[in-house]
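First comes the structure, then the notes that go with it.
Below, read A as the first sequence line, B as the second, and so on, with proteins coming before strands; counting in each chain starts at 1. Quick note: numbers below take in every heavy atom, side chains included, and nothing from hydrogens, waters or symmetry partners.
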There are 2 protein chains.
Amino acid sequence: MRLIQSHTDYAVRAILFIAASEKEMVSSADLEAELDLPRPFMRRIMQDLQKAGILKSLRGYQGGFQLAKAPAEIFLMDLIELFQGGLDLTECIFRKKVCPNCKTCPIRRRVKKIENYVLRELQGINLAVLMQEK
Amino acid sequence: MRLIQSHTDYAVRAILFIAASEKEMVSSADLEAELDLPRPFMRRIMQDLQKAGILKSLRGYQGGFQLAKAPAEIFLMDLIELFQGGLDLTECIFRKKVCPNCKTCPIRRRVKKIENYVLRELQGINLAVLMQEK
DNA sequence: GACAAATGGTACCTATCTGGTATCATTACT
DNA sequence: AGTAATGATACCAGATAGGTACCATTTGTC
Ligand code: FES
Ligand code: FES
C-alpha cells in the first residue's frame, strides 16, 4: 500500500525539475529525457497540473510548461488530492453500502487518530521544502 | 486507500466476538449470524487465524474455534501482517525494478517518518485494548 | 499558406490487488 | 453410517493503478 502513488511522485519530480530549470518553457520532451518516463504518460500528468492551475502552458512551436505558482505555494497534499483523490485511511470497509457497523467499529477511532497525524504531516510539505532537502 | 482492509477488520470482529462469547467453541455459523458475512469467506479468515496460531480449532460435531492466546497478546499489527502482508507506505514507485531514484527521491524520507509513526501507533494496539473501548 | 512542433482532450487497455466463491477432503461425535 | 463441523486449495470478479493511442488544436517559422 503506497501513501504516494506514481502520478503524484512523478508530478513532484516534474515540478522540481521545472523549478530548477533555466529554460523559460520546459517541454514534455525535456521531462522525458530527465525523468525517463514514457512521454504520453508524462504529458497527461502535465495536463492535469495545468488544469489544476499549478502549471501554465504554451502550445505550439517552442511551447511547454512553466510554474504558475511559487514552489512554496504548491503543497504535496494538493498533488495527492489531485492524483489520488485525497487520503481516506478510514474508508469504511463496507463499500457502497452505508456501514452498519461504524458506530461499533472497534478500530475506526484509532485509525482516525493516525489519519489526522498523517494529514498534518503531509500538509506541512510544500515543494520549496522538497527542493531544499534534495 | 485503506489502512485496514476487510480481512483484517473481519478478523478483529471475529476475535472480539469469540473472546466475549460464553461458548467453549464458536462455529463459523455463529460468526456468520453475528457478523453478517458469507460463511465460506468467514471460514477462510478463521482458517488463516488458526494457521497463524491465534485460534485453536476443533473439527467435527460441536467443533469450532476458540482463542489460542489472550486478547492482550494478539496485536492488530499481527493481523495486518497476516492479511495484508504488512505495511510499507514507502514502497518504491518503480515496481519490479531496482529504483534508480531512491537516493534522490525527494519525498521518501518524509514518508518514512510518517510510516514510523503509523507503525508505532499500530503496534500499541492489541485486542484487549479494543475490547475495552468498544 | 504549408509545415512542424508543441499541448489539449479523451477513450481505451492491462496488470495487479482486493474481496469473495466453490469444491472436495478430513475429522469427530452420536 | 450419518451428520456437523473444519482443512485445503483453486478459482472468479470487480475495483484500482498504471499506462497507451489517437486525434484535435494552437503557435511559430519558412
Ligand atoms: S466498518 Fe464502517 S468503520 Fe469499521
Ligand atoms: S522512487 Fe524509489 S523512493 Fe521515491
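- For B:Q5 and C:dT18, the shortest distance from a side-chain N or O to OP1 or OP2 is below 4.0 Å.
- A donor-acceptor pair is defined here as one N or O able to donate and one able to accept, closer than 3.5 Å; such a pair exists between the side chain of A:D30 and the backbone of A:S27.
- Among residue pairs with one or both ends in residues 109-131 of chain A, those qualifying as ring-ring contact (aromatic ring centres under 6.0 Å, His included) are A:Y117-B:Y117; sequence neighbours excluded.
- Just one residue in the list B:L16, B:L127, B:I125 forms a side chain to side chain contact (heavy atoms under 4.5 Å, CB included) with A:P106, and that residue is B:L16.
- Atom CZ of B:R39 and atom P of C:dT21 are 13 Å apart (whole Å).
- Toward the 5' end of DNA chain D, the nearer of the two residues B:S57 and A:G60, judged by each one's closest nucleotide, is B:S57.
- Side-chain proximity of B:H7 to D:dA5, C:dG19, C:dG9: nearest is C:dG19.
- Of the candidate nucleotides D:dG18, C:dA5, C:dG19, D:dG18 has the atom lying nearest to any side-chain atom of A:S6.
- Each of D:dT29, C:dT21, C:dT7 was ranked by its minimum atom distance to the side chain of B:P38; first place goes to C:dT21.
- The CD-P distance, from B:Q84 to C:dC17, rounds to 14 Å in whole Å.
- Comparing A:M1 and A:G64 against DNA chain C, the residue whose closest nucleotide sits nearer the 5' end is A:G64.
- Rounded to an integer number of Å, the gap from A:R44 CZ to D:dC23 P is 17 Å.
- Within 4.0 Å of A:Q50, counting heavy atoms only, lie sugar-phosphate atoms of the nucleic acid but no base atom.
- Between the P atom of D:dT6 and the CG atom of B:D48 lies a distance of 14 Å, rounded to the nearest Å.
- Between A:M46 and B:F41, it is A:M46 whose nearest contact on DNA chain C lies nearer the 5' terminus.
- Checking the phosphate oxygens (OP1, OP2) of C:dT7, a side-chain nitrogen or oxygen of A:S28 falls inside 4.0 Å.
- In this structure, CD1 of B:I4 is placed 13 Å from P of C:dT18, rounded to the nearest angstrom.
- Separating the CD atom of A:E32 from the P atom of C:dA6 is a distance of 12 Å, rounded to the nearest angstrom.
- Atom P of nucleotide D:dT9 and atom CZ of B:R43 are separated by 14 Å, given to the nearest angstrom.
- At whole-Å resolution of the value, CZ in A:F65 and C1' in C:dA6 are 9 Å apart.
- Considering only the side chain of B:R59, D:dT6 comes nearest among D:dT20, D:dT6, D:dT27.
- For B:F41 and B:Y10, the gap between ring centers is short of 6.0 Å.
- Side-chain atoms of A:Q62 stay outside donor-acceptor range of the base of D:dG28, with no qualifying N/O pair under 3.5 Å.
- Applying the side-chain hydrogen bond (donor to acceptor under 3.5 Å, both in side chains) criterion to B:S21, with sequence neighbours excluded, gives no partner residue.
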